[in-house]
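Structure first, commentary second.
First listed ligand is number 1; within each ligand, the first listed atom is number 1.
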Amino acid sequence: MNRSMLLNTLEHCRQVDTQDPLHVLRHQFDLPPGVIYLDGNSLGVLPRTTAARVAEVVTQEWGQGLIRSWNSAGWFDAPRRAGDKIARLVGAGPNEVVATDSTSINLFKVLSAALNMAAQDAPQRRIIVSERSNFPTDLYIAEALCQERGCTLKLVEPEEIASSLTANVAVLMLTHVNYRTGAMHDMAGVTAAAHAAGILTVWDLAHSAGAVPVDLTGAQADFAVGCGYKYLNGGPGAPAFVWVHPKHADRFWQPLAGWWGHATPFAFSADYQPAPGITRYLCGTQPIISLAALDCGLDTLLAAEPLGGMAALRAKSLALTDLFIELVETRCAGHGLTLATPRDHGQRGSQVCLTRAAGAYAIVQALIARGVIGDFRAGDGGAHPDILRFGFTPLTIGFEDVWNAVEHLKQVLDTREWQQPEFNQKHAVT
Ligand SMILES: *Cc1c(COP(=O)(O)O)cnc(C)c1O
(Lines give C-alpha, C1' and ligand atoms only; values in the text may rest on other atoms or scores of the structure.)
Protein backbone atom coordinates (compact mmCIF):
# COMPACT_ATOMS: atom_id res chain seq x y z
CA MET A 1 0.00 0.00 0.00
CA ASN A 2 1.47 3.34 -1.00
CA ARG A 3 0.83 5.63 1.94
CA SER A 4 1.32 8.80 -0.07
CA MET A 5 -1.32 7.80 -2.55
CA LEU A 6 -3.62 6.70 0.20
CA LEU A 7 -3.36 9.91 2.18
CA ASN A 8 -3.67 12.51 -0.52
CA THR A 9 -7.26 13.40 0.21
CA LEU A 10 -9.25 14.19 3.31
CA GLU A 11 -11.40 11.16 2.59
CA HIS A 12 -8.39 8.87 2.63
CA CYS A 13 -7.13 10.35 5.92
CA ARG A 14 -10.50 9.62 7.51
CA GLN A 15 -10.34 6.07 6.23
CA VAL A 16 -6.92 5.51 7.80
CA ASP A 17 -8.22 6.84 11.14
CA THR A 18 -11.07 4.31 11.12
CA GLN A 19 -8.54 1.50 10.51
CA ASP A 20 -6.09 2.73 13.17
CA PRO A 21 -6.20 0.47 16.26
CA LEU A 22 -4.77 3.33 18.39
CA HIS A 23 -7.62 5.67 17.45
CA VAL A 24 -9.70 4.40 20.41
CA LEU A 25 -7.13 5.84 22.83
CA ARG A 26 -8.39 9.29 21.94
CA HIS A 27 -11.57 8.60 23.90
CA GLN A 28 -9.53 8.79 27.09
CA PHE A 29 -9.51 12.59 26.78
CA ASP A 30 -11.86 15.52 26.91
CA LEU A 31 -10.81 17.61 23.95
CA PRO A 32 -12.62 20.90 23.38
CA PRO A 33 -14.76 20.77 20.22
CA GLY A 34 -13.38 22.56 17.19
CA VAL A 35 -9.78 22.37 18.35
CA ILE A 36 -6.89 20.57 16.66
CA TYR A 37 -4.37 20.45 19.45
CA LEU A 38 -0.78 20.32 18.22
CA ASP A 39 0.77 21.50 21.48
CA GLY A 40 0.71 18.34 23.61
CA ASN A 41 4.50 18.71 23.64
CA SER A 42 4.09 21.85 25.74
CA LEU A 43 1.00 21.07 27.83
CA GLY A 44 -0.61 17.65 27.45
CA VAL A 45 -4.39 17.29 27.22
CA LEU A 46 -6.79 16.57 30.07
CA PRO A 47 -7.60 12.87 30.64
CA ARG A 48 -11.27 12.09 31.32
CA THR A 49 -10.42 10.46 34.65
CA THR A 50 -8.43 13.35 36.11
CA ALA A 51 -11.21 15.63 37.38
CA ALA A 52 -13.01 12.85 39.27
CA ARG A 53 -9.77 11.43 40.66
CA VAL A 54 -8.57 14.84 41.87
CA ALA A 55 -12.02 15.48 43.39
CA GLU A 56 -11.79 12.12 45.19
CA VAL A 57 -8.34 12.95 46.57
CA VAL A 58 -9.63 16.32 47.78
CA THR A 59 -13.04 15.39 49.19
CA GLN A 60 -12.45 11.81 50.35
CA GLU A 61 -8.76 11.30 51.01
CA TRP A 62 -8.06 14.78 52.33
CA GLY A 63 -11.56 15.82 53.47
CA GLN A 64 -12.53 12.61 55.23
CA GLY A 65 -9.28 10.68 55.64
CA LEU A 66 -7.30 13.70 56.81
CA ILE A 67 -3.81 12.84 57.99
CA ARG A 68 -4.63 9.12 58.04
CA SER A 69 -4.45 9.17 54.23
CA TRP A 70 -0.66 9.31 54.25
CA ASN A 71 -0.94 5.62 55.08
CA SER A 72 -4.48 4.51 54.23
CA ALA A 73 -4.63 6.17 50.80
CA GLY A 74 -0.98 5.44 49.99
CA TRP A 75 0.01 9.09 49.77
CA PHE A 76 3.46 8.43 51.14
CA ASP A 77 4.37 6.13 48.23
CA ALA A 78 2.80 8.27 45.49
CA PRO A 79 6.15 9.54 44.06
CA ARG A 80 7.46 5.98 43.75
CA ARG A 81 4.19 4.62 42.34
CA ALA A 82 4.11 7.25 39.61
CA GLY A 83 7.86 6.70 39.12
CA ASP A 84 7.33 2.99 38.46
CA LYS A 85 4.78 3.84 35.76
CA ILE A 86 7.18 6.33 34.15
CA ALA A 87 9.94 3.69 34.30
CA ARG A 88 7.87 1.50 31.94
CA LEU A 89 7.90 4.31 29.37
CA VAL A 90 11.63 5.09 29.49
CA GLY A 91 13.29 1.68 29.75
CA ALA A 92 14.03 1.82 33.48
CA GLY A 93 13.31 -0.77 36.15
CA PRO A 94 10.95 -0.65 39.14
CA ASN A 95 12.24 1.45 42.05
CA GLU A 96 14.54 3.39 39.72
CA VAL A 97 12.40 6.49 39.07
CA VAL A 98 10.58 8.96 41.32
CA ALA A 99 8.06 11.59 40.24
CA THR A 100 8.93 14.75 42.13
CA ASP A 101 9.74 18.46 41.96
CA SER A 102 10.28 20.18 38.61
CA THR A 103 12.55 19.28 35.72
CA SER A 104 14.77 22.25 36.59
CA ILE A 105 15.15 21.16 40.22
CA ASN A 106 15.76 17.52 39.31
CA LEU A 107 18.40 18.61 36.84
CA PHE A 108 20.17 20.50 39.62
CA LYS A 109 20.17 17.34 41.74
CA VAL A 110 21.58 15.00 39.09
CA LEU A 111 24.11 17.49 37.72
CA SER A 112 25.40 18.00 41.26
CA ALA A 113 25.67 14.26 41.79
CA ALA A 114 27.44 13.84 38.45
CA LEU A 115 29.93 16.62 39.31
CA ASN A 116 30.52 14.98 42.69
CA MET A 117 31.30 11.68 41.01
CA ALA A 118 33.67 13.36 38.57
CA ALA A 119 35.36 15.31 41.37
CA GLN A 120 36.11 12.05 43.16
CA ASP A 121 37.00 9.87 40.18
CA ALA A 122 38.69 12.42 37.89
CA PRO A 123 39.24 15.81 39.57
CA GLN A 124 40.84 17.31 36.45
CA ARG A 125 37.46 17.09 34.69
CA ARG A 126 35.73 20.42 35.36
CA ILE A 127 33.61 21.11 32.28
CA ILE A 128 29.93 20.49 31.52
CA VAL A 129 29.26 20.27 27.79
CA SER A 130 25.80 21.03 26.41
CA GLU A 131 24.12 22.26 23.27
CA ARG A 132 23.71 25.99 22.68
CA SER A 133 20.12 25.39 21.57
CA ASN A 134 19.23 23.35 24.67
CA PHE A 135 16.20 24.50 26.65
CA PRO A 136 17.30 27.64 28.55
CA THR A 137 16.43 26.41 32.05
CA ASP A 138 18.82 23.49 31.57
CA LEU A 139 21.58 25.91 30.64
CA TYR A 140 20.75 28.30 33.51
CA ILE A 141 20.84 25.52 36.08
CA ALA A 142 24.17 24.27 34.73
CA GLU A 143 25.57 27.79 34.63
CA ALA A 144 24.60 28.46 38.25
CA LEU A 145 26.08 25.18 39.38
CA CYS A 146 29.29 25.87 37.48
CA GLN A 147 29.56 29.28 39.13
CA GLU A 148 29.13 27.74 42.55
CA ARG A 149 31.76 25.08 41.93
CA GLY A 150 34.23 26.96 39.76
CA CYS A 151 33.45 24.71 36.78
CA THR A 152 32.82 25.75 33.18
CA LEU A 153 29.76 25.32 30.98
CA LYS A 154 30.78 24.80 27.36
CA LEU A 155 28.06 25.22 24.74
CA VAL A 156 28.43 23.66 21.31
CA GLU A 157 26.42 22.99 18.16
CA PRO A 158 25.13 19.42 17.66
CA GLU A 159 27.78 18.59 15.07
CA GLU A 160 30.52 19.67 17.51
CA ILE A 161 29.48 17.32 20.32
CA ALA A 162 31.72 14.42 19.29
CA SER A 163 34.84 16.58 19.09
CA SER A 164 34.10 18.30 22.40
CA LEU A 165 34.35 15.07 24.46
CA THR A 166 37.82 15.81 25.78
CA ALA A 167 39.83 14.80 28.85
CA ASN A 168 38.77 17.84 30.91
CA VAL A 169 35.02 17.24 30.49
CA ALA A 170 33.07 15.82 33.44
CA VAL A 171 29.50 15.71 32.16
CA LEU A 172 27.70 15.75 28.83
CA MET A 173 24.23 17.21 29.46
CA LEU A 174 21.84 16.88 26.53
CA THR A 175 18.14 17.08 25.86
CA HIS A 176 17.31 13.91 23.93
CA VAL A 177 14.77 15.60 21.62
CA ASN A 178 15.51 19.26 20.96
CA TYR A 179 12.58 21.43 22.06
CA ARG A 180 12.97 23.81 19.12
CA THR A 181 13.76 21.63 16.14
CA GLY A 182 12.49 18.20 17.22
CA ALA A 183 15.90 16.73 16.33
CA MET A 184 16.62 13.56 18.33
CA HIS A 185 20.02 12.31 19.49
CA ASP A 186 21.07 8.68 19.29
CA MET A 187 21.08 8.16 23.05
CA ALA A 188 22.97 4.85 23.01
CA GLY A 189 25.58 6.04 20.51
CA VAL A 190 26.24 9.39 22.19
CA THR A 191 26.36 7.78 25.64
CA ALA A 192 28.86 5.19 24.42
CA ALA A 193 31.06 7.92 22.91
CA ALA A 194 30.91 9.91 26.16
CA HIS A 195 31.76 6.86 28.27
CA ALA A 196 34.67 5.97 25.97
CA ALA A 197 36.03 9.44 26.79
CA GLY A 198 35.41 8.98 30.55
CA ILE A 199 32.44 11.38 30.62
CA LEU A 200 29.11 10.96 32.45
CA THR A 201 25.81 11.62 30.65
CA VAL A 202 22.76 13.53 31.86
CA TRP A 203 19.71 13.22 29.57
CA ASP A 204 16.69 15.49 29.67
CA LEU A 205 13.68 13.52 28.42
CA ALA A 206 11.20 16.43 28.49
CA HIS A 207 10.28 15.88 24.82
CA SER A 208 10.92 12.12 24.82
CA ALA A 209 9.04 10.49 27.70
CA GLY A 210 5.69 9.36 26.30
CA ALA A 211 6.68 10.67 22.86
CA VAL A 212 9.36 8.30 21.56
CA PRO A 213 10.65 4.93 22.81
CA VAL A 214 13.46 5.49 25.32
CA ASP A 215 15.74 2.77 26.67
CA LEU A 216 17.78 4.27 29.51
CA THR A 217 18.97 0.84 30.66
CA GLY A 218 19.91 -0.33 27.17
CA ALA A 219 21.73 2.94 26.44
CA GLN A 220 23.58 2.63 29.79
CA ALA A 221 22.81 6.26 30.48
CA ASP A 222 23.94 7.67 33.84
CA PHE A 223 21.25 10.20 34.82
CA ALA A 224 17.94 11.35 33.38
CA VAL A 225 15.20 13.84 34.18
CA GLY A 226 11.93 14.57 32.44
CA CYS A 227 8.72 16.52 32.47
CA GLY A 228 5.26 15.48 33.73
CA TYR A 229 3.06 18.05 31.99
CA LYS A 230 4.08 17.53 28.37
CA TYR A 231 3.55 14.12 26.71
CA LEU A 232 2.73 12.53 30.09
CA ASN A 233 -0.50 14.57 30.37
CA GLY A 234 -0.02 15.27 34.10
CA GLY A 235 -1.50 18.78 34.05
CA PRO A 236 0.05 22.25 34.35
CA GLY A 237 3.08 22.18 36.63
CA ALA A 238 2.80 18.41 37.17
CA PRO A 239 5.65 16.80 39.10
CA ALA A 240 8.66 15.95 36.92
CA PHE A 241 10.76 12.79 37.26
CA VAL A 242 14.31 11.72 37.92
CA TRP A 243 16.22 8.52 37.17
CA VAL A 244 19.72 7.61 38.28
CA HIS A 245 21.44 4.45 37.06
CA PRO A 246 21.25 1.99 39.99
CA LYS A 247 25.05 1.66 39.99
CA HIS A 248 25.34 5.40 40.81
CA ALA A 249 22.25 5.93 42.94
CA ASP A 250 23.86 5.14 46.29
CA ARG A 251 27.18 6.87 45.69
CA PHE A 252 26.25 10.40 46.72
CA TRP A 253 23.70 12.43 48.54
CA GLN A 254 21.89 14.72 46.26
CA PRO A 255 22.35 18.38 47.26
CA LEU A 256 18.75 18.97 48.39
CA ALA A 257 18.93 16.42 51.17
CA GLY A 258 15.47 16.88 52.63
CA TRP A 259 13.62 14.61 55.02
CA TRP A 260 11.68 12.76 52.29
CA GLY A 261 15.00 11.46 51.00
CA HIS A 262 15.98 10.22 54.45
CA ALA A 263 16.18 6.47 55.10
CA THR A 264 13.77 6.77 58.04
CA PRO A 265 12.04 10.17 57.87
CA PHE A 266 9.75 9.39 60.78
CA ALA A 267 12.62 8.61 63.11
CA PHE A 268 13.10 12.42 63.12
CA SER A 269 16.79 11.99 63.78
CA ALA A 270 19.06 15.04 63.76
CA ASP A 271 21.52 13.56 61.27
CA TYR A 272 20.89 12.78 57.61
CA GLN A 273 20.98 9.18 56.47
CA PRO A 274 20.08 8.97 52.78
CA ALA A 275 17.51 6.39 51.74
CA PRO A 276 18.90 3.70 49.45
CA GLY A 277 18.32 4.07 45.74
CA ILE A 278 16.28 6.72 43.98
CA THR A 279 14.21 7.63 47.06
CA ARG A 280 17.05 9.89 48.22
CA TYR A 281 16.25 12.12 45.25
CA LEU A 282 13.04 13.21 46.98
CA CYS A 283 13.40 16.38 49.01
CA GLY A 284 10.37 17.61 50.96
CA THR A 285 6.67 16.82 51.29
CA GLN A 286 5.21 15.92 47.92
CA PRO A 287 2.22 17.53 46.11
CA ILE A 288 -0.29 14.71 46.51
CA ILE A 289 -3.10 16.29 44.49
CA SER A 290 -0.74 16.95 41.57
CA LEU A 291 0.68 13.43 41.82
CA ALA A 292 -2.87 12.04 41.56
CA ALA A 293 -3.40 14.04 38.36
CA LEU A 294 -0.05 12.87 36.98
CA ASP A 295 -1.05 9.28 37.69
CA CYS A 296 -4.15 9.71 35.50
CA GLY A 297 -1.98 11.09 32.71
CA LEU A 298 0.44 8.16 32.94
CA ASP A 299 -2.44 5.69 32.73
CA THR A 300 -3.44 7.14 29.34
CA LEU A 301 -0.03 6.13 27.96
CA LEU A 302 0.07 2.75 29.68
CA ALA A 303 -3.33 2.03 28.12
CA ALA A 304 -1.41 1.69 24.84
CA GLU A 305 0.62 -1.25 26.20
CA PRO A 306 -1.84 -3.96 25.01
CA LEU A 307 -1.88 -2.22 21.59
CA GLY A 308 1.88 -2.30 21.14
CA GLY A 309 2.93 0.36 23.63
CA MET A 310 5.50 3.03 22.83
CA ALA A 311 6.62 1.18 19.66
CA ALA A 312 3.10 1.37 18.22
CA LEU A 313 2.71 4.99 19.32
CA ARG A 314 6.05 5.78 17.72
CA ALA A 315 5.05 4.19 14.41
CA LYS A 316 1.88 6.29 14.38
CA SER A 317 3.75 9.44 15.41
CA LEU A 318 6.18 9.02 12.48
CA ALA A 319 3.30 8.42 10.07
CA LEU A 320 1.59 11.60 11.36
CA THR A 321 4.72 13.74 11.11
CA ASP A 322 5.60 12.27 7.67
CA LEU A 323 2.13 13.16 6.45
CA PHE A 324 2.30 16.67 7.91
CA ILE A 325 5.66 17.32 6.24
CA GLU A 326 4.43 15.95 2.92
CA LEU A 327 1.21 17.98 2.97
CA VAL A 328 2.94 21.21 4.01
CA GLU A 329 5.51 20.79 1.24
CA THR A 330 2.92 20.05 -1.43
CA ARG A 331 -0.12 22.11 -0.41
CA CYS A 332 1.70 25.14 1.06
CA ALA A 333 4.50 25.23 -1.51
CA GLY A 334 5.69 28.69 -2.50
CA HIS A 335 4.92 30.27 0.88
CA GLY A 336 8.50 30.33 2.13
CA LEU A 337 8.19 27.61 4.76
CA THR A 338 11.32 25.57 5.48
CA LEU A 339 11.43 22.30 7.38
CA ALA A 340 13.65 22.53 10.49
CA THR A 341 13.00 18.98 11.72
CA PRO A 342 15.08 16.08 10.40
CA ARG A 343 13.44 13.94 7.70
CA ASP A 344 15.38 10.90 8.89
CA HIS A 345 13.11 8.92 11.25
CA GLY A 346 16.07 8.03 13.46
CA GLN A 347 16.66 11.70 14.17
CA ARG A 348 13.09 12.95 14.53
CA GLY A 349 11.11 13.35 17.74
CA SER A 350 7.31 13.68 17.76
CA GLN A 351 7.09 17.24 16.50
CA VAL A 352 7.56 19.14 13.26
CA CYS A 353 9.08 22.60 13.16
CA LEU A 354 8.98 25.02 10.29
CA THR A 355 10.85 28.26 9.81
CA ARG A 356 9.95 31.27 7.74
CA ALA A 357 11.89 34.49 7.09
CA ALA A 358 9.05 36.59 8.57
CA GLY A 359 5.66 36.18 10.23
CA ALA A 360 6.21 32.94 12.18
CA TYR A 361 4.60 34.36 15.33
CA ALA A 362 1.61 35.86 13.50
CA ILE A 363 0.98 32.69 11.49
CA VAL A 364 0.83 30.68 14.71
CA GLN A 365 -1.56 33.24 16.22
CA ALA A 366 -3.82 33.12 13.15
CA LEU A 367 -3.88 29.32 13.35
CA ILE A 368 -4.75 29.45 17.06
CA ALA A 369 -7.67 31.78 16.25
CA ARG A 370 -8.89 29.03 13.90
CA GLY A 371 -8.57 26.39 16.65
CA VAL A 372 -5.31 24.88 15.36
CA ILE A 373 -3.11 25.19 18.41
CA GLY A 374 0.63 24.98 17.84
CA ASP A 375 3.22 27.32 19.24
CA PHE A 376 5.98 29.75 18.37
CA ARG A 377 9.55 29.65 19.62
CA ALA A 378 11.67 32.74 19.16
CA GLY A 379 14.99 32.49 17.39
CA ASP A 380 18.18 34.30 18.28
CA GLY A 381 18.30 36.42 15.13
CA GLY A 382 21.29 34.35 13.99
CA ALA A 383 21.88 30.68 13.40
CA HIS A 384 18.61 29.72 15.14
CA PRO A 385 15.61 31.31 13.37
CA ASP A 386 12.04 31.78 14.67
CA ILE A 387 10.12 28.53 14.67
CA LEU A 388 6.51 27.42 14.11
CA ARG A 389 6.23 24.29 16.23
CA PHE A 390 3.64 21.52 15.89
CA GLY A 391 3.60 18.60 18.32
CA PHE A 392 1.92 15.31 17.35
CA THR A 393 0.75 13.22 20.26
CA PRO A 394 -0.48 9.97 18.71
CA LEU A 395 -2.85 9.34 21.63
CA THR A 396 -5.08 12.18 20.49
CA ILE A 397 -4.11 13.25 16.95
CA GLY A 398 -5.44 11.46 13.90
CA PHE A 399 -4.68 11.66 10.20
CA GLU A 400 -7.79 13.73 9.51
CA ASP A 401 -6.50 16.29 12.05
CA VAL A 402 -3.23 16.51 10.14
CA TRP A 403 -5.09 17.11 6.90
CA ASN A 404 -7.27 19.80 8.46
CA ALA A 405 -4.35 21.52 10.21
CA VAL A 406 -2.48 21.86 6.92
CA GLU A 407 -5.65 23.08 5.19
CA HIS A 408 -5.92 25.87 7.81
CA LEU A 409 -2.23 26.71 7.41
CA LYS A 410 -2.72 26.90 3.64
CA GLN A 411 -5.68 29.26 4.03
CA VAL A 412 -3.86 31.49 6.54
CA LEU A 413 -0.99 31.82 4.05
CA ASP A 414 -3.05 32.01 0.82
CA THR A 415 -5.26 34.82 2.17
CA ARG A 416 -2.45 36.55 4.15
CA GLU A 417 -4.76 36.38 7.14
CA TRP A 418 -1.68 36.34 9.38
CA GLN A 419 -0.89 39.94 8.46
CA GLN A 420 -3.92 41.22 10.39
CA PRO A 421 -2.78 43.43 13.29
CA GLU A 422 -4.38 41.33 16.04
CA PHE A 423 -2.11 38.39 15.14
CA ASN A 424 1.00 40.51 15.43
CA GLN A 425 0.72 41.52 19.09
CA LYS A 426 2.93 39.47 21.38
CA HIS A 427 1.51 37.80 24.52
CA ALA A 428 3.46 36.99 27.68
CA VAL A 429 3.39 33.23 27.10
CA THR A 430 4.16 32.14 23.56
C1 LIG B 1 9.80 21.84 29.25
C2 LIG B 1 11.23 21.68 29.55
C3 LIG B 1 11.71 21.97 30.83
C4 LIG B 1 10.79 22.53 31.87
O5 LIG B 1 11.36 22.68 33.10
P6 LIG B 1 10.46 23.11 34.34
O7 LIG B 1 11.35 23.00 35.48
O8 LIG B 1 9.28 22.18 34.34
O9 LIG B 1 9.96 24.49 34.08
C10 LIG B 1 13.06 21.75 31.08
N11 LIG B 1 13.88 21.27 30.12
C12 LIG B 1 13.44 20.98 28.87
C13 LIG B 1 14.37 20.45 27.86
C14 LIG B 1 12.10 21.20 28.56
O15 LIG B 1 11.67 20.94 27.33
Side-chain angles (χ1 to χ4, degrees), residues 38-45 79 82 86 89-90 97-112 128-145 153 155 158 161 171-185 187 190 201-212 214 216 221 223-243 254-256 281-284 286-287 290-291 293-294 297 340-341 348-351 353 374-378 384 387 389-393 428-430:
L38 303 180
D39 219 354
N41 52 324
S42 204
L43 176 64
V45 295
I86 294 165
L89 300 170
V90 297
V97 177
V98 284
T100 183
D101 297 333
S102 66
T103 306
S104 306
I105 291 173
N106 288 331
L107 192 60
F108 180 77
K109 298 174 197 170
V110 297
L111 264 184
S112 301
I128 298 174
V129 169
S130 192
E131 253 180 88
R132 185 165 289 113
S133 71
N134 200 345
F135 193 87
T137 201
D138 297 44
L139 301 181
Y140 304 158
I141 293 282
E143 192 182 337
L145 201 51
L153 174 63
L155 301 182
I161 292 172
V171 181
L172 175 62
M173 174 188 84
L174 291 176
T175 295
H176 181 220
V177 175
N178 186 284
Y179 82 106
R180 286 173 48 84
T181 62
M184 181 168 71
H185 287 292
M187 183 185 285
V190 173
T201 55
V202 171
W203 290 97
D204 188 330
L205 306 179
H207 292 276
S208 314
V212 298
V214 176
L216 288 170
F223 301 89
V225 299
C227 185
Y229 52 79
K230 293 175 178 158
Y231 291 94
L232 300 183
N233 303 321
F241 66 89
V242 52
W243 172 84
Q254 53 106 345
L256 305 175
Y281 280 80
L282 299 176
C283 179
Q286 299 298 308
S290 297
L291 279 164
L294 174 61
T341 300
R348 188 192 308 161
S350 198
Q351 70 192 53
C353 299
D375 62 23
F376 163 83
R377 287 293 174 262
H384 307 114
I387 272 179
R389 189 172 72 154
F390 303 97
F392 293 85
T393 57
V429 176
T430 61

Exercise. Identify, for atom 4 (C) of ligand 1, the protein heavy atom at the shortest distance, and state residue, atom and that distance.
Key: Tyr229 OH, 3.3 Å
Quiz item: Please walk me through it: do Leu139 and Met173 pass side-chain contact (heavy atoms from CB on, under 4.5 Å)?
Solution: CA-CA 9 Å; Leu139 301 181; Met173 174 188 84; 4.2 Å; yes
Exercise. Evaluate the side-chain proximity of Asn41 to Ser350: yes if any heavy-atom separation is below 4.5 Å, no if none is.
Key: no
Quiz item: Less than 4.5 Å apart, any side-chain heavy atom of Thr100 and any of Lys109?
Solution: yes
Quiz item: Passes side-chain contact (heavy atoms from CB on, under 4.5 Å), Asp138 versus Ser130? Steps please.
Solution: CA-CA 9 Å; Asp138 297 44; Ser130 192; 5.9 Å; no
Self-check item: Region of Thr137 that comes within reach of ligand 1 [heavy atoms, distance under 4.0 Å]
Solution: side chain
Quiz item: Which atoms of ligand 1 have any heavy atom of Ser102 under 4.0 Å away?
Solution: 7 (O)
Quiz item: Got an N/O contact under 3.5 Å between His207 and ligand 1?
Solution: yes
Quiz prompt | For Thr175, atoms of ligand 1 separated by under 4.0 Å from a heavy atom | solution = 13 (C)
Practice problem: Apply the test side-chain contact (heavy atoms from CB on, under 4.5 Å) to residues Val171 and Phe223: give CA-CA distance (whole Å), side-chain angles for both, the deciding distance (0.1 Å), then the verdict. | Solution: CA-CA 10 Å; Val171 181; Phe223 301 89; over 6 Å; no
Exercise. Measure Ser104 to ligand 1 on non-hydrogen atoms and call it side chain, backbone, both or neither using the 4.0 Å cut-off.
Key: both
Practice problem: Identify the protein heavy atom lying closest to atom 2 (C) of ligand 1, giving its residue, its atom name and the separation to 0.1 Å. | Solution: Lys230 NZ, 2.3 Å
Quiz item: Looking at atom 11 (N) of ligand 1, what's its closest protein heavy atom, distance included?
Solution: Asp138 OD1, 2.8 Å
Quiz item: Can you check whether Ser42 reaches Arg389 side chain to side chain, under 4.5 Å on heavy atoms?
Solution: yes
Quiz prompt | Side-chain touch Leu291/Pro79, heavy atoms, less than 4.5 angstrom | solution = yes
Quiz prompt | For Ala206, atoms of ligand 1 separated by under 4.0 Å from a heavy atom | solution = 2 (C), 12 (C), 13 (C), 14 (C), 15 (O)
Exercise. Could you find the nearest protein heavy atom to atom 5 (O) of ligand 1 and give me its residue, atom name and distance?
Key: Thr103 CB, 3.5 Å
